[in-house]
Q: 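Please read through the structure below; I'll follow up with questions.
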Amino acid sequence: MAMVGLFWIVGSDVYVGAKPSGLAPGVRLTPEGVVALGDRQSGLYLWEDVHTLTVADAPVKSLKRQAGVVKDLALGMVLDVALSGGVGLTGEDPPMMTVCVESTDGDHELSAYVAAAGGYSQTEVDLSRALLSRLTEGAATMATTLATMSEWGRTWEGGSPRRAEREGLLRGWVG
């Protein structure tokens, strides 16, 4: 599994944002369409009906945001130790972003958890949005692009690549 821009790729599965577990909200991109996952959202939006696909409110990495993440993590660990006598999770959900799907039957706003705790680089956000736009250009483009992303996910070993490599992959997938 690896994060590349706004995408989380696990084997051949491609998600926008973090891969959801249980009843958590998420968005999966399949050869058939955009799949809304989770307790409060569900549905399949077929590619032939999707006119626009974008992400709103994706957090952009900044020094202030990174410092806030470190502060929150440290504070959470101190509180966990003080209140429970051990180190655990703070119980807070990660930030959310909105996946906007404009389709033949209307506009839909889907929720997905952010995969990058400190936010994404502006370049990764821009390239990811361009890639989402590319997926709506037609069946051949979508199928080729998604297949390339899935193939990379099946063959990739290890965690998320470094930023320069992620940006290079996104540029290649955008074409």
Side-chain angles (χ1 to χ4, degrees), residues 1-61 93-116 119-157 159-161 163-175:
M1 72 182 156
M3 181 188 71
V4 178
L6 301 180
F7 305 96
W8 193 256
I9 304 171
V10 181
S12 61
D13 295 336
V14 178
Y15 297 88
V16 180
K19 177 185 176 185
S21 64
L23 299 176
V27 176
R28 183 173 171 211
L29 305 177
T30 70
E32 293 77 31
V34 179
V35 181
L37 304 167
D39 186 30
R40 296 195 177 124
Q41 63 184 25
S42 64
L44 169 65
Y45 304 96
L46 300 174
W47 286 116
E48 61 221 32
D49 297 330
V50 174
H51 306 296
T52 306
L53 182 61
T54 190
V55 171
D57 55 22
V60 176
K61 192 179 290 187
D93 288 335
M96 302 283 278
M97 58 185 176
T98 306
V99 181
C100 305
V101 181
E102 182 185 314
S103 68
T104 304
D105 67 341
D107 296 343
H108 310 276
E109 290 187 350
L110 309 176
S111 297
Y113 285 117
V114 170
Y120 304 94
S121 74
Q122 185 64 58
T123 301
E124 285 184 281
V125 170
D126 294 343
L127 288 168
S128 295
R129 287 180 173 151
L131 183 54
L132 287 167
S133 178
R134 180 168 171 69
L135 291 172
T136 64
E137 290 177 358
T141 301
M142 178 280 305
T144 303
T145 304
L146 229 96
T148 302
M149 294 171 77
S150 294
E151 178 60 29
W152 179 86
R154 279 191 298 276
T155 60
W156 176 253
E157 294 180 11
S160 297
R163 179 177 159 181
E165 187 176 353
R166 292 191 309 262
E167 291 175 3
L169 285 165
L170 289 166
R171 281 187 182 89
W173 295 338
V174 169

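This structure is a prediction, so every number in the text was calculated from the model and none was measured. Note: hydrogens, waters and symmetry copies are ignored here, and every other heavy atom, side chains too, is used.
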Q: Quick check: does any side chain N or O of Asp57 sit under 3.5 Å from a backbone N or O of Thr98, one acting as donor and the other as acceptor?
A: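 Between the backbone of Thr98 and the side chain of Asp57 there is a qualifying donor-acceptor contact (under 3.5 Å).
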Q: How many angstroms lie between CH2 in Trp8 and OG in Ser160, if you round to the nearest 0.5 Å?
A: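 One gets 4.5 Å once the value is rounded to the nearest 0.5 Å.
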Q: To the nearest 0.5 Å, what is the distance between NZ on Lys19 and CD1 on Ile9?
A: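 One gets 13.0 Å once the value is rounded to the nearest 0.5 Å.
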Q: Would you give the length of the straight line joining atom CD of Glu32 to atom CD of Glu48, rounded to the nearest 0.5 angstrom?
A: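 Reported to 0.5 Å precision, the distance equals 10.5 Å.
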Q: Identify the two heavy atoms, one from Val114 and one from Ala116, that lie closest to each other, and give their separation to 0.1 Å.
A: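 For Val114 and Ala116, the tightest heavy-atom pair comes out as CG1-O, 3.2 Å.
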Q: List the atom of Ala112, the atom of Val16, and the distance in Å for their closest heavy-atom pair.
A: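 Closest approach of Ala112 to Val16: CB-O, 3.4 Å.
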Q: Give a yes or no answer on whether the side chain of Tyr120 reaches the backbone of Ala115 with a donor-acceptor pair at less than 3.5 Å.
A: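 Confirmed, Tyr120 side chain pairs with Ala115 backbone.
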Q: Locate the shortest heavy-atom distance separating Ser150 from Ser12; write the atom from each residue and the value.
A: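 Minimum heavy-atom contact is OG-O, 2.9 Å.
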Q: Compare every heavy atom of Met97 with every heavy atom of Ala56, then report the nearest pair and how far apart it is.
A: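 Of all heavy-atom pairs spanning Ala56 and Met97, the closest is O-CB, 3.7 Å.
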Q: Apply salt bridge (charged side-chain N to carboxylate O under 4.0 Å, His left out) to Arg129 and list each qualifying residue two or more places apart in sequence or on a separate chain.
A: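 Applying salt bridge (charged side-chain N to carboxylate O under 4.0 Å, His left out) to Arg129 gives none.
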Q: Decide yes or no on side chain to side chain donor-acceptor pair (under 3.5 Å) for His51 and Thr136, but give the supporting numbers first.
A: CA-CA 6 Å; His51 306 296; Thr136 64; over 6 Å; no
Q: Measure from the side-chain N and O atoms of Arg134 to the backbone N and O of Val174, and report whether any donor-acceptor pair falls under 3.5 Å.
A: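 Looks like yes, one N/O pair under 3.5 Å.
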Q: I want to check something: taking the side chain as every heavy atom from C-beta on, are Val101 and Val27 in contact at a cut-off of under 4.5 Å?
A: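 Not in contact.
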Q: Any heavy-atom pair between the side chains of Leu132 and Leu29 that's under 4.5 Å?
A: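 They are in side-chain contact.
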Q: Hey, are the side chains of Arg171 and Thr123 touching, using non-hydrogen atoms and a 4.5 Å cut-off?
A: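 In contact.
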Q: So how far is it from Leu146 CG to Trp47 CH2, rounded to the nearest 0.5 Å?
A: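 Reported value, rounded in 0.5 Å steps: 6.5 Å.
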Q: Could you note down all residue pairs passing ring-ring contact (aromatic ring centres under 6.0 Å, His included) where residues 9-37 supplies at least one of them, sequence neighbours left out?
A: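 Non-adjacent pairs meeting ring-ring contact (aromatic ring centres under 6.0 Å, His included): zero.
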Q: Is the closest side-chain heavy-atom distance between Leu131 and Met149 below 4.5 Å?
A: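 Of all side-chain heavy-atom pairs linking Met149 with Leu131, at least one is under 4.5 Å.
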Q: Looking at every non-hydrogen atom in both residues, tell me the closest pair between Pro25 and Pro20 and how far apart they are.
A: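 In terms of heavy atoms, the two residues are closest at O-CB, 3.5 Å.
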Q: Less than 4.5 Å apart, any side-chain heavy atom of Thr54 and any of Cys100?
A: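 Thr54 vs Cys100: side chains touch.
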Q: Just so I know, are the side chains of Ser128 and Phe7 near enough to count as touching, which here means a heavy-atom distance under 4.5 Å?
A: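 A side-chain contact exists here, since the closest heavy-atom pair is under 4.5 Å.
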Q: Can Leu53 and Tyr45 be said to form a side chain to side chain contact (heavy atoms under 4.5 Å, CB included), step by step?
A: CA-CA 11 Å; Leu53 182 61; Tyr45 304 96; over 6 Å; no
Q: Keeping the roles fixed (side chain from Gln41, backbone from Ser111), state whether a donor-acceptor pair exists under 3.5 Å.
A: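 Indeed, once roles are kept as given, a pair shorter than 3.5 Å links the two residues.
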Q: Between Trp152 and Trp173, how do the two ring planes meet: parallel, tilted or perpendicular, split at 30° and 60°?
A: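 Taking Trp173 first and then Trp152, their aromatic rings stand perpendicular (interplane angle over 60°).
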Q: Step through the shown structure and confirm whether more than 12 heavy atoms of other residues, nucleotides or ligands are within 6.0 Å of CD on Glu151.
A: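 Check passes, neighbour count above 12.
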Q: Quick check for you: to the nearest 0.5 Å, what is the distance between Leu135 atom CG and Met142 atom CE?
A: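 Atom-to-atom, Leu135:CG and Met142:CE are 7.5 Å apart.
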Q: Rounded at 0.5 Å granularity, tell me how far CG in Leu127 sits from CD in Glu167.
A: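 Between atom CG of Leu127 and atom CD of Glu167 there are 6.5 Å.
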Q: Any side-chain to backbone donor/acceptor pair from Arg166 onto Gly5? Under 3.5 Å, distance only.
A: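 No.
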